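Worksheet: the structure to be examined is printed underneath.
We name chains A, B, ... by the order of the sequence lines, and we start the count at 1 in each one. This one's a predicted model, so the numbers in the text were calculated from it and none came from an experiment.
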2 protein chains.
Amino acid sequence: MTDTQLTIRQMCEAYDVTPRTLRFYEAKELLFPERRGQQRLFTKRDQARLKLILRGKRFGFSLEEIRQLLDLYYVGDQQRTQLERTQILARKHLADMQAQRDELQVAIEELKEQMAWGEKRLAELERIDEQNA
Amino acid sequence: MTDTQLTIRQMCEAYDVTPRTLRFYEAKELLFPERRGQQRLFTKRDQARLKLILRGKRFGFSLEEIRQLLDLYYVGDQQRTQLERTQILARKHLADMQAQRDELQVAIEELKEQMAWGEKRLAELERIDEQNA
DNA sequence: CGTTACGTTTACGTTAACGTCATCTGTGCT
DNA sequence: AGCACAGATGACGTTAACGTAAACGTAACG
């Protein structure tokens, strides 16, 4: 039990972030560590949330967007109207993410083409270099 | 010919950005508009570059990363060693983008699961509401 | 019981990516 | 010639997401 509670330093090493970052995320209400006296203790829930935060950042989402996304994962005991709002927000985010994935796929294809072109060009230059040798 | 040359305002309307942004991108050497006197004229090349810039931003890349990426698309008359460096950089970016795409796919699946859970929960709440009616 | 290590709060500093004036400059009407 | 207007050039302001430094608390250890 107490085993899953991480101190701030353990948390930092586990997820490669700084103490400042964790405190900052708490201030922004992205994390809610418990307290032993004044000391922070990060629960399993906080660790899961941090993973989602870091992934969200890699996708280019702002912390504010991420905060809203996080709420989608802790639906527990929401009222009906609130839950409906959550679902609507989730649909929007899902659409965003799918669009981004598709756009990424296109970008990947384009980059591959460019690289093929570059390889061809390199082969030409190599031929010329060999002739001049 | 002169038709593809856009003034700054035309460029702004076409791509939904501000003049400041375009000047900023020029200062950061992401765009290289020609000049008629002191006035900027954005060529077809600048428009293509701007599209790539905006897409890169949606992926969460920094302008500096994007600047390097842009060079991958204008390989034209590079020397051999330079071209080899370009290819290496391209491979790295490709790997990054593929990783991000895969990670996005996972995130999408997870969000879908959460949404299914929410829908189930909503259906329950609806049943209860109807009983109380 | 002092000090070392870890943690806390408070507050000011920094970087990226622009926004927002204020002030010129050129250009096409009328 | 005069004037509106688009565009240019500084220069300072702003926001997000932390970095960094100072000053303090506290728990264990030799």
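Remark: A:Arg40 is in phosphate contact with C:dT9, judged by side-chain N or O atoms under 4.0 Å from OP1 or OP2. Residue A:Thr21 places no side-chain N or O under 4.0 Å from the OP1 or OP2 atom of D:dA17. For B:Lys57, a side-chain nitrogen or oxygen approaches OP1 or OP2 of C:dC18 to under 4.0 Å. Note on B:Thr18: a side-chain N or O is less than 4.0 Å away from OP1 or OP2 of C:dG19. OP1 or OP2 of C:dT8 sits under 4.0 Å from a side-chain N or O of A:Arg23. Distances shorter than 4.0 Å separate none of the side-chain N or O atoms of B:Lys28 from OP1 or OP2 on C:dT15. Dashed line: the shortest gap from a side-chain N or O of B:Arg9 to OP1 or OP2 of D:dG7 is under 4.0 Å. Remark: B:Tyr25 is not in phosphate contact with C:dA17, judged by side-chain N or O atoms under 4.0 Å from OP1 or OP2.
Side-chain atoms of A:Tyr73 and B:Glu110 form no donor-acceptor pair, as typed in the model, at a separation below 3.5 Å. Looking at B:Gln105 and B:Glu109, their side chains do bring a donor and an acceptor atom within 3.5 Å of each other.
Atom CD1 in B:Ile53 sits roughly 14 Å away from atom C1' in C:dC18 (whole-Å rounding). With rounding to whole Å, A:Gln38 atom CD is found 13 Å from C:dT10 atom C1'. B:Gln10 places its CD atom 13 Å from the C1' atom of D:dG7, with the value rounded to the nearest Å. In this structure, A:Glu29 places its CD atom 17 Å from C1' of D:dA17, rounding to the nearest Å. Rounding to whole angstrom units, CD of residue A:Glu65 and P of D:dA17 are separated by 9 Å. Summarising the geometry, the separation between CZ on B:Arg36 and P on C:dT27 is reported as 9 Å, rounded to the nearest angstrom. Atom C1' of nucleotide C:dC6 and atom CZ of A:Arg20 are separated by 18 Å, given to the nearest angstrom. Put simply, CG on B:Leu22 is 15 Å from C1' on D:dA6, counting in whole angstrom units.
Surrounding CG of A:Asp129 are more than 12 heavy atoms belonging to other residues, nucleotides or ligands, all under 6.0 Å away.
The cationic group of A:Arg49 does not satisfy the cation-pi geometry with A:Tyr25, failing either the under 6.0 Å distance to the six-membered ring centre or the 45° limit from the ring axis.
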_Before you tell me yes or no, could you show the steps for A:Leu52 and A:Ile66 under side chain to side chain contact (heavy atoms under 4.5 Å, CB included), namely the whole-Å CA-CA distance, both residues' side-chain angles and the distance that decides it to 0.1 Å?_
CA-CA 8 Å; A:Leu52 290 173; A:Ile66 292 172; 5.9 Å; no
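Distance from the side chain of B:Leu63 is smallest to C:dA17 among C:dC12, C:dA17, D:dA17. Checking C:dG19, D:dC18, C:dG7 against the side-chain heavy atoms of A:Phe24 singles out D:dC18 as nearest.
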